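Following: one structure in structure tokens, then a few remarks.
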Amino acid sequence: MQRRLEHEPTMTDHQQLVEALTSPIRIVGEERVTVSPPELADLPIRSREFEIVCDSGDRHTDRWQGVPVLDLLERASVPAETTHLLVESTDGYRVCIDVEAALEGLVAVARNGEPLTAVADYESRFVSAGTRGPRTAKDVWRIEPRSLSPGEDPDVYERFDAND
Ligand SMILES: Nc1nc2c(c(=O)[nH]1)N[C@H]1C(S)=C(S)[C@@H](COP(=O)(O)O)O[C@H]1N2
Ligand SMILES: [Mo]
């Protein structure tokens, strides 16, 4: 199946993006599913612009290309009461993101049309609107919907000390 990334004249072909993905992504919803690299390659790739807020307060707007988080979650039946997503990286890094923001996000494999493997030392990155830089987890391997009670602090589910 031939697909195209919208609005990205510099985008290298889809095949190159897909071949860059070596690691499956596990989705732990009501069902547990593992989406293998070939299955990831069969999901639509979308191009979306996000503003990422750095720790320093700087803001960067880039156009990211990747697999919509929603498309991944739909494979695993996400409970209606979900409030947050735990997004875990292969290095043990873990972030806890408000589900409303996360569902509009991508597991990106390219930035501004350039495959991440070509411009960085990671192959995927979780990105969503307004997400602070430290919460854009690289090399995503697991996504788990969680239902936090009102007033519960999402930060306690996170692990930032994996490395930087
Ligand atoms: N898996 C993983 N993702 C990560 C990190 C990490 O250590 N591991 N560091 C985070 C932090 S603290 C920042 S500021 C950004 C850095 O992104 P950059 O390399 O594009 O500057 O990635 C974030 N994503
Ligand atoms: Mo950071």
Side-chain angles (χ1 to χ4, degrees), residues 5 7-8 10-12 16-29 32-37 39-41 43 45-73 75-76 78 82-146 148 153-164:
L5 297 147
H7 324 298
E8 289 302 330
T10 60
M11 176 50 81
T12 48
Q16 191 182 340
L17 279 184
V18 164
E19 281 171 2
L21 287 173
T22 59
S23 141
I25 299 181
R26 286 157 186 82
I27 314 291
V28 185
R32 294 173 163 258
V33 300
T34 298
V35 188
S36 66
E39 288 170 323
L40 286 167
L43 291 172
I45 293 211
R46 301 287 181 222
S47 186
R48 296 179 184 163
E49 202 170 87
F50 296 115
E51 182 185 64
I52 307 291
V53 186
C54 290
D55 259 355
S56 62
D58 288 355
R59 292 159 184 266
H60 298 277
T61 299
D62 289 298
R63 184 161 270 279
W64 298 81
Q65 294 77 34
V67 179
V69 170
L70 188 58
D71 289 341
L72 287 169
L73 291 183
R75 308 215 147 193
V78 174
T82 299
T83 61
H84 290 75
L85 296 185
L86 288 185
V87 180
E88 290 191 35
S89 301
T90 52
D91 64 357
Y93 206 78
R94 184 170 62 216
V95 298
C96 187
I97 307 285
D98 182 276
V99 73
E100 301 284 337
L103 286 182
E104 300 292 316
L106 297 174
V107 175
V109 295
R111 180 175 54 209
N112 301 324
E114 311 245 46
L116 294 176
T117 48
V119 295
D121 61 354
Y122 48 90
E123 63 179 46
S124 71
R125 190 158 179 179
F126 168 83
V127 282
S128 65
T131 299
R132 299 191 72 89
R135 290 196 169 84
T136 58
K138 302 168 180 175
D139 284 327
V140 174
W141 81 281
R142 186 178 189 277
I143 300 177
E144 181 181 348
R146 295 294 281 260
L148 274 56
D153 181 3
D155 297 10
V156 301
Y157 292 94
E158 303 191 300
R159 189 163 60 216
F160 291 121
D161 57 4
N163 57 59
D164 202 40

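Atoms within a ligand are numbered from 1 in the order they appear, just like the ligands themselves. By convention here, the first residue in the shown sequence is residue 1. What you see is a predicted model; the values in this text were computed from it and never measured. Side chains are part of it too, since the values below use all heavy atoms of this structure and drop only hydrogens, waters and symmetry mates.
Interface atoms of ligand 1 facing Gly133, defined by a heavy-atom separation under 4.0 Å, are 13 (C), 15 (C), 22 (O), 23 (C).
Using a non-hydrogen distance threshold of 4.0 Å, Thr136 registers as a contact of ligand 1. Distances from ligand 1 to the non-hydrogen atoms of Asp139 include no value under 4.0 Å.
The pair Asp161-Arg94 fails the salt-bridge criterion, with no side-chain N (NZ, NE, NH1 or NH2) lying under 4.0 Å from an Asp/Glu carboxylate O. Contact check on Glu158 versus Arg135 returns a salt bridge, with a Lys/Arg side-chain nitrogen under 4.0 Å from an Asp/Glu carboxylate oxygen.
At a heavy-atom cutoff of 4.0 Å, ligand 1 is contacted by both the backbone and the side chain of Pro134.
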What do the steps show when you test Glu123 against Thr22 for side chain to side chain donor-acceptor pair (under 3.5 Å), and what is the final call? CA-CA 8 Å; Glu123 63 179 46; Thr22 59; 2.7 Å; yes
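Residues that satisfy the side-chain hydrogen bond (donor to acceptor under 3.5 Å, both in side chains) test with Ser124, not counting sequence neighbours, are absent from this structure.
Contact annotation: the side chain of Thr61 approaches that of Glu49 to within less than 4.5 Å [non-hydrogen atoms, C-beta and beyond].
When the heavy atoms of Arg125, Arg132, Arg135 are ranked by distance to atom 15 (C) of ligand 1, first place goes to Arg125.
Checked by distance only, ligand 1 and Lys138 come closer than 3.5 Å through their nitrogen or oxygen atoms.
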